[in-house]
There are 4 protein chains.
Amino acid sequence: MSQTGAAVTTVRRGRPRSESSRQAILRAAGELLLEQGLGGTSIEAVSRLAGTSKATIYRWWPSKELLAVDVLLAEWHDEATSAEDTGTLAGDLRAVILPWTRDLRSRPYARIVSGLVAAALGDEDFAHDYRARFVERRRERGRAALARAAARGEIPADTDVELALDMLYGPIYHRLLHGHEEVDEPFAEQVIAAVVRAVAPGSSAG
Amino acid sequence: MSQTGAAVTTVRRGRPRSESSRQAILRAAGELLLEQGLGGTSIEAVSRLAGTSKATIYRWWPSKELLAVDVLLAEWHDEATSAEDTGTLAGDLRAVILPWTRDLRSRPYARIVSGLVAAALGDEDFAHDYRARFVERRRERGRAALARAAARGEIPADTDVELALDMLYGPIYHRLLHGHEEVDEPFAEQVIAAVVRAVAPGSSAG
Amino acid sequence: MSQTGAAVTTVRRGRPRSESSRQAILRAAGELLLEQGLGGTSIEAVSRLAGTSKATIYRWWPSKELLAVDVLLAEWHDEATSAEDTGTLAGDLRAVILPWTRDLRSRPYARIVSGLVAAALGDEDFAHDYRARFVERRRERGRAALARAAARGEIPADTDVELALDMLYGPIYHRLLHGHEEVDEPFAEQVIAAVVRAVAPGSSAG
Amino acid sequence: MSQTGAAVTTVRRGRPRSESSRQAILRAAGELLLEQGLGGTSIEAVSRLAGTSKATIYRWWPSKELLAVDVLLAEWHDEATSAEDTGTLAGDLRAVILPWTRDLRSRPYARIVSGLVAAALGDEDFAHDYRARFVERRRERGRAALARAAARGEIPADTDVELALDMLYGPIYHRLLHGHEEVDEPFAEQVIAAVVRAVAPGSSAG
DNA sequence: TCCTAACCGAGACGGTACGTCGCGTCTTAGG
DNA sequence: CCTAAGACGCGACGTACCGTCTCGGTTAGGA
């Protein structure tokens with residue numbers, strides 16, 4: 001789960017990593033991130049709340065941004081629904097989008113996400129990590145749905161898939177990050193319908 | 001233009017504000033914001049680069065976020081084109097969107113904008129200010145274009161205007177903030193075309 | 001009264017000095033000095049409380065120390081009792097010392113005096129001013145009393161007058177500045193008696 | 001010796017205090033205090049000169065006044081001669097007073113002491129600390145000398161000891177703080193002699 | 001059973017920036 | 001010529017976190 005679960009190649013000697021500390025850190029970080037956002041959360045405060053030392057956090061997470069990524073991935077239900085074929089583009093997109101927006105609504109995650117977005121724009125290394133694990137991962141599911149629709153003949157083969165994905169995720173991120181309106185179920189449905197209509201002009205979806 | 005340009009009603013007593021300091025601060029802040037982003041820019045560094053005292057900055061800007069807003073508004077060409085009637089919805093939207101995306105491309109503003117977005121989600125007061133002066137201001141222009149289209153009979157009178165605006169601005173902000181693709185002219189044109197197609201199904205636009 | 005009442009030689013042109021401002025400043029400074037001591041009193045605060053501008057204070061008093069000196073001289077009864085011949089050394093010293101200690105007890109002046117003492121040790125110019133107007137002025141009265149006693153034959157002609165003065169003022173300043181005991185009337189009387197006994201060994205004073 | 005040398009009872013956990021930083025701070029503070037006095041010395045400047053961070057200073061000294069106390073106690077030879085019985089009151093007082101005045105003359109400490117006196121009058125907490133560690137500590141030695149003299153029958157049993165101490169220390173502090181004359185060895189001897197004469201009228205001292 | 005490596009907490013360290021306060025100077029308008 | 005108002009560059013305040021660094025102690029596997 002953690003990004004630091006790598007090197008199992010060498011034989012593990014010495015005292016093993018404390019699982020309880022790891023969980024205490026993730027729990028404390030999650031609480032603080034939800035309350036204060038990324039900018040308002042300090043490693044110092046996480047260590048205080050978790051009852052661990054700062055060094056232990058730094059040993060396993062190079063930055064609070066990467067810690068925040070681990071926190072979000074642990075709290076969301078991202079593993080499931082990797083590919084659901086419902087028979088229609090609209091259905092497939094619903095299966096991709098709706099569970100995610102439900103997660104987003106379950107707690108005030110927008111502040112954390114916005115912090116990660118800002119951090120990614122200022123740190124090219126983190127940007128790669130963040131985009132791959134958050135943005136591209138989700139786009140890939142939408143891309144797969146569109147590919148299935150093309151294979152089905154539901155949409156033209158030369159559909160501009162990337163544009164469609166931007167039309168799909170863009171409005172949702174827009175509301176999430178700018179907060180001018182809720183990202184509720186009807187809105188998500190409307191966005192999906194509009195995208196379907198745009199890429200499948202002859203369809204009767206809506 | 002500046003948030004501090006208010007009360008000229010009362011008689012101005014005391015030493016007047018230094019215009020040169022004001023400009024030096026905006027210039028220095030702009031430079032640092034573009035180089036380091038909002039998170040990497042400190043009032044301390046702005047005051048050093050501008051050759052002014054910190055107190056002078058704090059006297060006029062309560063936070064670096066509000067300073068950043070002033071910097072962006074000063075660097076962009078936001079005043080003009082408040083309402084251009086080109087005769088078609090597509091034309092009107094182009095007149096609203098294209099100059100803005102040109103400004104966005106002119107320098108790496110995305111880092112600054114993402115910082116403001118994150119700041120707004122963590123500070124309700126700033127959120128109001130930011131949304132009114134950045135997001136809503138631009139939405140209002142798109143809203144006006146859609147209203148003219150409705151008056152013209154180009155789109156149905158019961159069009160969901162807010163949804164259309166999210167479909168218009170969402171993809172642009174998405175690319176701007178996530179940086180997975182450029183916000184270039186063809187992309188902006190495609191988004192506009194897609195929105196026009198979505199709200200005016202019978203039109204020949206695109 | 002004020003140390004700035006000098007140059008009346010040239011003809012006074014323009015708006016005359018505001019007497020009400022001068023008094024407001026002295027009153028405000030006195031209040032703040034008694035409450036906060038010299039270190040805790042700022043010109044800024046004096047101007048706020050007095051309702052005058054800072055510039056007006058700086059125009060007439062080069063430093064807050066010199067302002068404090070004016071405040072104290074205005075509040076004490078130093079002019080009178082310049083020389084009282086009571087017929088005995090003890091009586092003369094009482095006439096010099098007791099009114100002063102009464103002034104000192106009337107309000108918590110010790111904090112202000114200690115501030116002036118500290119300021120004098122750090123600023124040679126102010127030190128001259130302060131010693132002349134505060135310390136030496138009072139020593140001179142004691143010196144005169146001792147001179148009268150010598151003329152009277154009450155004490156030897158070769159008495160070490162400066163030592164006697166230090167034995168007289170030292171214990172009083174000591175209690176005043178260190179605050180380990182009160183500078184009350186009995187103490188002042190005892191000090192005077194001890195000094196008289198020391199310089200006039202054969203006397204029956206005490 | 002230092003006010004921070006306390007609790008060695010509990011097990012020392014964490015990184016131990018840096019002895020080199022402690023000494024660098026005391027050395028830097030001593031230098032600045034002698035040059036600029038207490039008022040002219042800032043924690044900022046001490047940290048710069050010592051090459052430590054401000055936080056390290058604040059961690060161990062709550063205020064610059066308490067730091068100054070530590071500096072003086074470290075520079076003076078206060079530990080020794082706590083009780084020397086020379087057989088006579090005059091000799092005992094010499095053993096108490098002369099080494100101290102020698103310390104006072106060795107460098108321009110008067111400015112620092114005057115600053116501490118002023119600070120004590122403005123801060124009741126510091127006053128207790130300062131009086132206990134500076135004034136009372138030294139008075140106690142004089143008090144012990146007077147007690148031995150009384151036990152010896154050299155002075156009356158009902159001698160007013162506190163008054164005698166004020167007559168002893170007062171003149172010395174007076175010259176030190178007002179700076180109208182030097183606190184040289186002959187002066188100290190004269191003061192001691194005068195006090196002895198005052199409390200032991202029948203003696204042949206002087 | 002001991003050794004040794006890797007972990008853990010506590011907490012001190014040199015830094016940077018925070019936002020505020022007062023300094024003494026200045027530049028206005030107005031009496 | 002004086003005054004109130006108030007902006008200015010400056011420097012220090014005391015605090016919070018940063019990321020790094022010792023410490024003493026703990027917990028495993030390999031010898």
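Note: CD (A/Q36) to C1' (F/dA16) measures 14 Å, nearest angstrom. Going from atom CD1 of D/I43 over to atom P of E/dG14 covers 14 Å, rounded to whole Å. What separates CD1 of A/I25 from C1' of E/dG9 is a distance of 12 Å, to the nearest Å. For A/L67 and F/dG19, the CG to P distance is 12 Å, given to the nearest whole Å. In this structure, the NZ atom of B/K64 is 12 Å from the C1' atom of E/dT16, given to the nearest Å. Taking atom CZ on D/R59 and atom C1' on F/dC21, their separation rounds to 13 Å, with Å as the unit.
Taking only side-chain atoms of C/R17, from C-beta outward, the nucleotide of F/dG9, F/dT3, E/dA17 with the closest atom is F/dT3. The listed nucleotides are F/dA7, F/dA12, E/dC7; the one nearest the side chain of D/R48 is F/dA12. The side chain of D/W60 has E/dC13 as its nearest neighbour among F/dA7, F/dC23, E/dC13.
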For nucleotides 29-31 of chain E, give me every protein contact, N/O to N/O, under 3.5 Å, one pair per line with atom names.
| from | atom 1 | to | atom 2 | distance (Å) |
| --- | --- | --- | --- | --- |
| E/dG30 | N2 | C/R15 | NH1 | 3.2 |

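Taking all atoms of both residues into account, the shortest heavy-atom contact from D/S53 to D/S47 is C-CB, 4.0 Å. What you find for D/K64 and D/T41 is that their closest heavy atoms are NZ-O, 2.9 Å.
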- Query: Checking side chain to side chain donor-acceptor pair (under 3.5 Å) for the pair A/Y130/A/E65: CA distance, chi angles, key distance, verdict?
  - Reply: CA-CA 9 Å; A/Y130 169 71; A/E65 286 78 22; over 6 Å; no
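Residue D/R22 has no polar side-chain atom (N or O) positioned under 4.0 Å from OP1 or OP2 of E/dA12.
At a threshold of 4.5 Å between non-hydrogen side-chain atoms, the residues C/L72 and C/L116 count as touching. Counting heavy atoms from C-beta on, the side chains of A/V113 and A/L38 never come closer than 4.5 Å. You'll find the side chain of C/D129 reaches within 4.5 Å of the side chain of C/L66, heavy atoms only.
Proximity of residues 49-58 of chain D to DNA chain F (heavy atom under 4.0 angstrom from any strand atom) is restricted to D/K54, D/Y58.
Both A/E44 and C/S18 sit near DNA chain F, but only C/S18 has its closest nucleotide nearer the 5' end. Remark on DNA chain F: of its neighbouring residues C/S21 and D/S42, the 5'-side contact belongs to C/S21, judged by nearest-heavy-atom nucleotide.
One finds the CG atom of D/L34 at 6.0 Å from the CD atom of D/E75 (value rounded to the nearest 0.5 Å).
Both the sub-6.0 Å distance and the 45° axial angle are satisfied by D/R17 relative to the ring of D/W60.
Here B/S47 lies out of heavy-atom contact (under 4.0 Å) with every strand.
Between the C/R27 side chain and the C/A50 main chain, no donor and acceptor come within less than 3.5 Å of each other.
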